[in-house]
S.K.: 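This is the structure I want to talk about, given as structure tokens.
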Amino acid sequence: MIKNIAVVGAGIGGLSCALALVKQGFIVTVYEQASSLSEVGAGLQLSPNAMRVLHQLGVAESLSRYAFSPENAVMRHFNSGKRYFSVPLGKACLRQFGAEYWHVHRADLHKVLLNACQQLQISIKLGSVITTYVQQNDSDAVTLTLANGDVAAYDLVVGADGIHSNVQATLLANAGLDSQARFTGQVAWRGTVKTTDLPANLVEPNANLWVGPGKHFVSYYLRGGDLVNFVAVEERSKWQQESWTQEGDIATLRSLFSDWHPEVQEILAATQKTFVWALHDRDPLTTWTDKNVTLLGDACHPMLPFLAQGAAMAIEDAYMLAGLLKKYPNSELALQTYQAARLKRTRKIQLKARQNAALYHMSDGVSRVKLKVLAGLSAANISSVLAAKQLHTIYAYDVKAALDNE
């Protein structure tokens, strides 16, 4: 019977998983390689499918003080500003899906999840690098090996340690599989700007997406409108670094978008600091369980940020996994059911996000034709209806209802 569970990784997915598991009655230890918990990154978009889980976990109210509710999701031409479509969010999401659509700072969500875990006295071991695991033949235990030579045994292990997961590497090696992370040829710049440093009402209160040749630019408000978050993505042939905290050259960033709409240029002109990182991807896995070991979030389905679903999928994973482990005493059955329940949905979204790169960057003839069609349909609002239909299958998903049906 499963009692003691190790979660490897204390990011958004790992902490959500730990919280969900403890609320189901399990004893959880979280291992985190960093020596201190200070979540990097900037903004996150939390669509209704993720918000339902955060309500179930009891953290949505605490998070609300940091959130911003956008009015619409809008796609615009990089130079002219012409709208391709506008999909209602905000109150429309509450009416249609029964849950909010929020923009939050990643650090704020991490802090809220961490506080919730600490209130439940979940053990979080910092500076703990898990290098591998071993399934014990004479018992159902899984032994973790740490970089310092220490070992620890658990009934079950969850690898939530990101795209370069050591847990995943062992799991795939045990299955005779290999799935290398690959550089996608795209680099993302991120940063935040104080709203007071920008012209009044410059940025619309939307999830703003600007698309153009070889690049796209996303901007939206955080912290109740006090900050404007941006992510600027460019195509690049090579990348040598893997750090999330590599500082970028602001002058280079500004020059990359020098012919873009004045709103984009104003945001970058006010930017004091930016970070840059490469976007890596993996092909969808065919398996992410090994007896009493499983994966979660980017460790099993890394998402390019072109549907704003990376954090949402990890949060959904966490809730489904905890519920199935409670529902099925047989851990292998629970993990196989978890994989089957999540694989199809995450694979579809993973691949759709990958496809959106071509559309956002006008990088092939088909994408350019699609954008011309969208532009032509925008006056009649047909393009907005089509975009809303595509998003509906993502936002309408209720992981609690899906769990009840398993």
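The figures here come from the full heavy-atom set of this structure, side chains too, leaving out hydrogens, waters and symmetry mates.
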S.K.: Using 4.0 Å as the upper bound for N to carboxylate O, is an ion pair formed by Glu316 and Arg342?
M.R.: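 Yes, Arg342 and Glu316 are salt-bridged.
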S.K.: Which side chain to side chain donor-acceptor pair (under 3.5 Å) pairs, counting each pair once, include a residue from residues 11-33, with sequence neighbours left out?
M.R.: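 Counting only pairs at least two positions apart or across chains, the side chain to side chain donor-acceptor pair (under 3.5 Å) contacts touching residues 11-33 are Tyr31-Tyr154.
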S.K.: Using a distance-only test with no angle check, is there a side-chain donor-acceptor pair under 3.5 angstrom linking Asp317 and His301?
M.R.: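 Asp317 vs His301: donor-acceptor pair found between side chains.
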S.K.: Less than 4.0 Å between a side-chain N and a carboxylate O, is that true for Glu263 and Arg76?
M.R.: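 Judged by the 4.0 Å cut-off on N to carboxylate O distance, Arg76 and Glu263 do form a salt bridge.
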S.K.: Hey, can you tell me if Tyr101 and Tyr395 have their rings parallel, tilted or perpendicular (30° and 60° cut-offs)?
M.R.: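 Perpendicular, since the angle between the ring planes exceeds 60°.
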S.K.: Can you confirm whether the side chains of Gln309 and Ser47 place a donor and an acceptor under 3.5 Å from each other?
M.R.: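 Yes, because at least one side-chain N or O of Gln309 sits under 3.5 Å from a partner of the opposite role on Ser47.
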S.K.: Have Glu100 and Ser69 got a donor and an acceptor in their side chains that come within less than 3.5 Å?
M.R.: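 No donor-acceptor contact under 3.5 Å links the two side chains.
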S.K.: State, without any angle test, whether Trp102 and Gln45 hold a side-chain donor-acceptor pair at a distance under 3.5 Å.
M.R.: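 Note: Trp102 and Gln45 side chains miss the donor-acceptor criterion.
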S.K.: Could you give the side-chain donor-acceptor pairs of residues 225-232 under 3.5 Å, partners two or more places apart or in another chain?
M.R.:
{"residue": "Asn229", "atom": "OD1", "partner": "Gly43", "partner atom": "N", "Å": "2.9"}
{"residue": "Asn229", "atom": "ND2", "partner": "Tyr220", "partner atom": "OH", "Å": "3.3"}

S.K.: Determine, stepwise, if the pair Glu332 / Asn330 fulfils side-chain hydrogen bond (donor to acceptor under 3.5 Å, both in side chains).
M.R.: CA-CA 6 Å; Glu332 289 192 45; Asn330 182 312; over 6 Å; no
S.K.: Does Asp283 form a salt bridge (Lys or Arg N to Asp or Glu O under 4.0 Å) with Arg354? I'd like the steps, not just the answer.
M.R.: CA-CA 10 Å; Asp283 290 330; Arg354 186 185 290 181; 3.3 Å; yes
S.K.: Can you tell whether the side chains of Glu266 and Arg254 come within less than 4.0 Å, N to carboxylate O?
M.R.: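 Salt bridge absent between Glu266 and Arg254.
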S.K.: Check whether more than 12 heavy atoms from other residues, nucleotides or ligands sit under 6.0 Å from atom CG of Asn115, and answer yes or no.
M.R.: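 Count over threshold, so yes.
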S.K.: Could you check whether atom CD of Gln118 has more than 12 heavy atoms from other residues, nucleotides or ligands sitting under 6.0 Å from it?
M.R.: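 Yes, because the 6.0 Å sphere around CD of Gln118 holds more than 12 heavy atoms from other groups.
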S.K.: Does the pair Arg182/Asp281 count as a salt bridge with the N-to-O cut at 4.0 Å?
M.R.: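 So Arg182 pairs with Asp281 through a salt bridge.
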S.K.: In terms of side-chain geometry, is the basic nitrogen of Asp404 or Lys327 positioned less than 4.0 Å from the acidic oxygen of its partner?
M.R.: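 No, Asp404 and Lys327 are not salt-bridged.
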S.K.: Please say whether the positively charged group of Arg345, taken as NZ for Lys or CZ for Arg, lies over the ring of Tyr397, i.e. under 6.0 angstrom from the six-membered ring centre and within 45 degrees of the axis.
M.R.: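 Here Arg345 passes the 6.0 Å and 45° test against Tyr397.
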S.K.: Could you list the donor-acceptor pairs under 3.5 angstrom formed by side chains in residues 210-218, with sequence neighbours left out?
M.R.:
{"residue": "Lys215", "atom": "NZ", "partner": "Leu256", "partner atom": "O", "Å": "3.4"}
{"residue": "His216", "atom": "ND1", "partner": "His361", "partner atom": "NE2", "Å": "2.8"}

S.K.: Answer whether the closest heavy-atom distance between the side chains of Leu209 and Val74 falls below 4.5 Å.
M.R.: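 Side chain of Leu209 against side chain of Val74, heavy atoms only: no contact under 4.5 Å found.
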S.K.: Return yes when atom CG of Asn148 has more than 12 non-hydrogen atoms of other residues, nucleotides or ligands closer than 6.0 Å, and no otherwise.
M.R.: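 Correct, the count exceeds 12.
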S.K.: With side chain to side chain donor-acceptor pair (under 3.5 Å) as the test, pick out the partner of Tyr133 among Thr145, Thr143, Thr170, Asp290.
M.R.: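 It is Asp290; the other options fail the test.
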